[in-house]
Amino acid sequence: MVGIASASQREQRPVSPYAHQNITLFAKRIEIAPQHTDHARTHAIDDYLGTMFFECAFHCIEKSFELWCRRAKNDAYTTNGQSLIHLIPLAGMIYSIILTKFCYNRATNHQFTFITEMALRTHYCADINENNVGEHVELAGWVNSYRDHGGIIFIDLRDRTGLIQLVCDPADNEKAHKIASQIRDEYVLIVKGLVRMRGEGLENPRLKTGKIEVVVDELIIENRSEPMPFTLGDPNVGEDIRLKYRYLDLRQKEMFETFQLRSKAAIAARNILDKHGFLEVETPILTKSTPEGARDYLVPSRVHNGEFYALPQSPQLFKQLLMVSGFDRYFQIARCFRDEDLRADRQPEFTQIDVEMSFCTQEDVMKVAEELLKAIFTACGHEVQIPFNRITYHESMEKYGNDRPDLRFGLELSDVIDLFENCDNQIFAEIAKYKKINRIKALKVPGGDTAFSRKIIKELEGFVTRFGAKGLAYIQVKEDGLKGPILKFLSDEAIETMKSRLDLQVGDIVFFGAGDKKTVLDYMGRLRTEVARRLDLIDENRFEFVWVVDFPMFELEEGTLHLKALHHPFTMPKNIDEEDAEAIESDAYDIVLNGIELGGGSIRIHKLDIQERVFSLLGISDEEAKEKFGFLLDALKFGAPPHGGFALGFDRLMMLLSKKESIRDVIAFPKTQSATCLLTHAPSPVDEAQLKELGIRIRKRPKSDASE
RNA sequence: GCGGUGGUAGUUCAGUUGGUUAGAAUACCGCCCUGUCACGGCGGGGGUCGCGAGUUCGAGUCUCGUCCACCGCGCCA
């Protein structure tokens, strides 16, 4: 089958991106409806060109090679002509000779000539260089800026590649100059002109095309533009106005480059996963609420009044079902939806690279994740060392105060609870009595006493107070010994132990956090990061990956005796028979990059009895389990293979790779913090008729839109 | 739901202790200008100071409410 795409692959010359469009136009001209397939159009064009004969000949040749190759190398068979050439050099040689001879001729004689006539440009702006001097080129793009000197007019023309200077001199071409005098910023131009060197001293070293310019001899104002609502490229412009006119915002070079990078990353992900035998499968967007813990976005059903679909929070259950189907290796670059409040790194709809595989161990899955990340980073121009470091959940919590440690800097937390056992301060002594539920943590900041003024220490205290600390005790290491209010409670022996345990040096400061484990770890972990930020200890150019492994299966819900799954309830427990449910660990693992949770995964439960026991520990009744995910439980009855996988937050990944402060910068059309779209004004009220059809009545009017 | 920051010309901002006609830059419009590249020069138009109350002789400025945007907390297993 020879379609347009494969025909253009064989072109010996680059084909204009407009080729496809032109063929559509052409097809119209010869009265082929535009909705016809490429194949139909190809044939229509070929009829017109009288090249049906060649088409048939190619088809036969291709088919015979396919058959021959299949026999010659069974598993390496492919329909891709390019791969054939690699696989069987001889066949490839003959093949390409034939193709060159016939196809190229055909293109030159008919199709390509036609495209050249119709194409709106011969080059992209910034692709032109000194080698093109003397050539007549055709360009199309936007007016980045114009400089009208009364006589001569300069225009910086922009397309996605960059800028080039156009010159309209009345002496060269009066007509073009007259048209040029009407030009304003962001007009769309189609230009024909001659490339020439700029004169001595007229070069602009800041421009890639600064040594040349294009003398315009034909100028078409293809479209005009209103004055811009904001200045492109002005870094101070408010984000709301940029979001309202996002399509203009995206015209900026930096924006284009961000999304170009994002595209490269996505393609790299697809390629590497394809290489490892993973199948890309799309799972439903209209689905049943999957129990991920976040609020669902609901979609009312017209056919079933009063019933709702939920948008997926992740494809979790579907990918597990695909494993039961024996697909063995699945991936998807999947859109996920969670109706929770937004943050700089959180959007209500976001993208995950979602992966699942069968008959695998945790090690296998982690290896795939590492290969995937390495491929993505390589595609984005960064070297990454694999395998990544690992840390257990427990160690991470104790040393860094959270399960997503930023390892670009040190500042580990130290346990000092034992030193306060017999101290004279009642509060500390009381806390130190219960080592299992409480913590007393020390954060030594080398040189911190020199760096932190009293005012800064106060600020740090205010900082931790926001996260539940009652205060922030500290010890300063001065030339003449330790200083600080809590010293008087400690025995000399305890102080000596602390000195050696923390390796205290003159100029250091040590902060202490004491209280219940959860609170102390949380605020001391945050303090650690805050201190590093203030001391500028974070190398922004480093990528520190780490696996956090051996997660507990459950944690107690705050203030209750209810267990909840730390990861999710389909995660395989390591030791389900353990009596203390909090001590049950799971085959779950998170991948952390620079203190940000990039993703995570687990080995899943593939046996019904274990799944039922987990539900029962979680306090989920049989009926509830059946109602919510009966389909998964059913599937586990039919020979579910052992399986596991992971998901990566693609937006966050791109945020880190492009060094953006906000996830909005790597999403083409993001929502604001109140989950609205300033461009489309979504969400918005709908017609009464629409609601009626859905069987829905609004109880209260939504909040007034008085602002408009 | 809560805390913080902000909202003045299309845009980015200034606006003193509450006091005359709310300014600048840029963009826009007009005129002039043949080597600029953030071109330049001269002139012009453009404001419900987010919205609504209140205090006051008088509010961009003070108070309260409200809306919007951003940052964070809660929430997001």
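Chain letters run A, B, ... following the sequence lines, proteins first, then strands; residues in each count from 1. If you're wondering where the values come from, they're calculated on a predicted model, not measured in any experiment.
Contact between the side-chain N/O atoms of A:T672 and the OP1/OP2 oxygens of B:A69 is found at a separation under 4.0 Å. Contact between the side-chain N/O atoms of A:R147 and the OP1/OP2 oxygens of B:U36 is not found at any separation under 4.0 Å. Listed pair A:R242 / B:U12 fails the phosphate criterion, with no side-chain N or O lying under 4.0 Å from OP1 or OP2. Listed pair A:R184 / B:C29 meets the phosphate criterion, a side-chain N or O lying under 4.0 Å from OP1 or OP2.
The base of B:G72 does not come close enough to the side chain of A:R526 for any donor and acceptor atom to sit less than 3.5 Å apart. Taking only distance into account, the side chain of A:D169 never meets the base of B:G35 through a donor-acceptor pair shorter than 3.5 Å. Judged by distance alone, with hydrogens and angles left aside, A:E203 brings no side-chain donor or acceptor close enough to the base of B:G35 to form a pair under 3.5 Å.
Distance from the side chain of A:L678 is smallest for B:A69 among the nucleotides B:U12, B:C73, B:A69.
The residue A:G238 sits close only to the backbone: its heavy atoms come under 4.0 Å of sugar-phosphate atoms, none of a base.
Distance A:R346 CZ to B:G72 P: 9 Å, rounded to the nearest Å.
Rounded to the nearest Å, the gap between the C1' atom of B:U61 and that of B:U55 is 14 Å. With both ends at atom P, the span from B:G1 to B:U66 equals 11 Å, rounded to whole Å. Taking atom C1' on both B:G65 and B:U11, the two are 30 Å apart, rounded to the nearest angstrom. Separating the P atom of B:A69 from that of B:A27 is a span of 30 Å, rounded to the nearest Å.
Between the side-chain ring of A:H149 and the base of B:C39, a stacking contact exists by the 5.5 Å and 30° definition.
In this structure, A:N204 contributes its side chain and A:G210 its backbone to no donor-acceptor pair below 3.5 Å. Between the side chain of A:T529 and the main chain of A:G525, a donor-acceptor pair closer than 3.5 Å is present. Here the side chain of A:N575 pairs no donor or acceptor atom with the backbone of A:E578 at under 3.5 angstrom.
In this structure, A:P227 and A:I152 both approach RNA chain B, and ranking their closest nucleotides by distance from the 5' end singles out A:P227.
In this structure B:G46 sits in no base pair that meets the Watson-Crick or G-U test at under 3.5 Å.
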